[in-house]
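Beneath this line is the structure, given in structure tokens, with notes to follow.
The shown structure was predicted, so the numbers you read here are calculated from the model rather than taken from an experiment.
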Amino acid sequence: MFLYSVFQPVGARESAAEGAVFVRQGFDRFAFLLTPVWAIRHRLWRMLGLWALWAAVVAALAAALRLDGAVATLVYTLGALGFGLEADRAREEALARKGLLLQGLSLGETAGDAERIYFDRFLNMNAQEQRP
């Protein structure tokens, strides 16, 4: 099971599913392996800029210090590991800047499972509020 953060626009109580974004917590393999593609996919321009800066620094250090290709790859991989570890926080910060609020957490094997569980709980809470 994975933990997902649920972000929704302000005042999204009536139409809960509309605009909801589920962010999986933990290490993101896609961000680790293909950081620039992942950053573009999620429109995280700051993360893309940081990746470009990191790649340029590694390339400049490798050239200036005449590092072996394996050492340069290892240094780059350590940076990519950092991107994979911080991917969920970068997405959450970007969503918060767009005005979405953290509404809760949900568990699920997939994002679809987490959505179903979250909205089932949400609908049950609304049904209980409407009872006399």
Side-chain angles (χ1 to χ4, degrees):
M1 287 264 209
F2 299 104
L3 181 65
Y4 290 84
S5 299
V6 183
F7 285 82
Q8 292 176 297
V10 176
R13 286 311 222 189
E14 292 77 31
S15 57
E18 194 171 315
V21 179
F22 286 73
V23 178
R24 182 175 161 197
Q25 298 299 301
F27 185 76
D28 191 324
R29 284 176 261 151
F30 190 54
F32 168 66
L33 294 172
L34 296 169
T35 304
V37 174
W38 174 86
I40 291 169
R41 177 179 169 220
H42 294 291
R43 296 180 179 189
L44 297 173
W45 310 120
R46 289 180 185 177
M47 191 68 114
L48 182 63
L50 283 172
W51 173 83
L53 181 65
W54 175 251
V57 166
V58 170
L61 284 175
L65 301 175
R66 297 182 190 164
L67 295 177
D68 183 44
V71 174
T73 302
L74 177 65
V75 172
Y76 174 80
T77 303
L78 290 174
L81 182 65
F83 284 110
L85 290 169
E86 292 298 318
D88 55 347
R89 277 171 281 298
R91 281 195 67 201
E92 288 175 343
E93 288 175 11
L95 291 170
R97 280 193 304 273
K98 288 180 184 177
L100 277 72
L101 299 175
L102 176 64
Q103 295 293 336
L105 300 171
S106 185
L107 289 171
E109 286 295 324
T110 65
D113 290 343
E115 287 179 28
R116 183 182 47 78
I117 291 168
Y118 179 79
F119 290 122
D120 284 348
R121 187 178 62 213
F122 176 80
L123 293 174
N124 287 337
M125 284 181 3
N126 281 347
Q128 288 176 357
E129 288 175 3
Q130 294 175 356
R131 287 185 189 160

Enter the distance from [X]:[atom1] to [Y]:[atom2] here, rounded to the nearest 0.5 Å.
X	Y	atom1	atom2	answer
Arg89	Gln25	CZ	CD	7.0 Å
Ile117	Leu105	CD1	CG	12.5 Å
Phe83	Leu48	CZ	CG	9.0 Å
His42	Leu95	NE2	CG	9.5 Å
Thr73	Leu78	OG1	CG	11.0 Å
Met47	Glu93	CE	CD	8.5 Å

Check [X] against [Y] and note the closest heavy-atom contact, atom names and distance.
X	Y	value
Leu102	Ser5	CD1-CB, 3.8 Å
Ala94	Leu44	CB-CD2, 3.2 Å
Thr77	Phe32	O-CE1, 3.9 Å
Tyr4	Ala114	CD1-CB, 3.4 Å
Val10	Gly99	CG2-O, 3.6 Å
Ala31	Trp38	CB-CD2, 3.6 Å

Side chains of [X] and [Y], heavy atoms from C-beta outward: is any pair under 4.5 Å?
X	Y	answer
Ile40	Trp45	yes
Arg91	Val21	yes
Leu107	Leu3	yes
Arg41	Phe30	yes

Cluster overlap [X] with [Y], hydrophobic side-chain contacts below 4.5 Å:
X	Y	value
Val23	Leu101	no
Phe119	Phe2	yes
Leu33	Leu50	yes
Val58	Leu81	yes

**Report entry** Within 6.0 Å of CZ in Arg43, more than 12 heavy atoms from elsewhere
**Finding:** no
Report task. Indicate yes or no for a side-chain donor-acceptor contact from Glu109 to the backbone of Met1 under 3.5 Å, with no hydrogens or angles considered. Result -> yes
**Report entry** All pairs passing side chain to side chain donor-acceptor pair (under 3.5 Å) where residues 47-66 contributes a residue, at least two apart
**Finding:**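 For residues 47-66, and leaving out neighbouring residues, the side chain to side chain donor-acceptor pair (under 3.5 Å) pairs sorted by first residue read Trp51-Tyr76.
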Requested in this report: Please test Ser106 against Glu115 for side chain to side chain donor-acceptor pair (under 3.5 Å), starting from the C-alpha separation and ending with a verdict.
Outcome: CA-CA 8 Å; Ser106 185; Glu115 287 179 28; over 6 Å; no
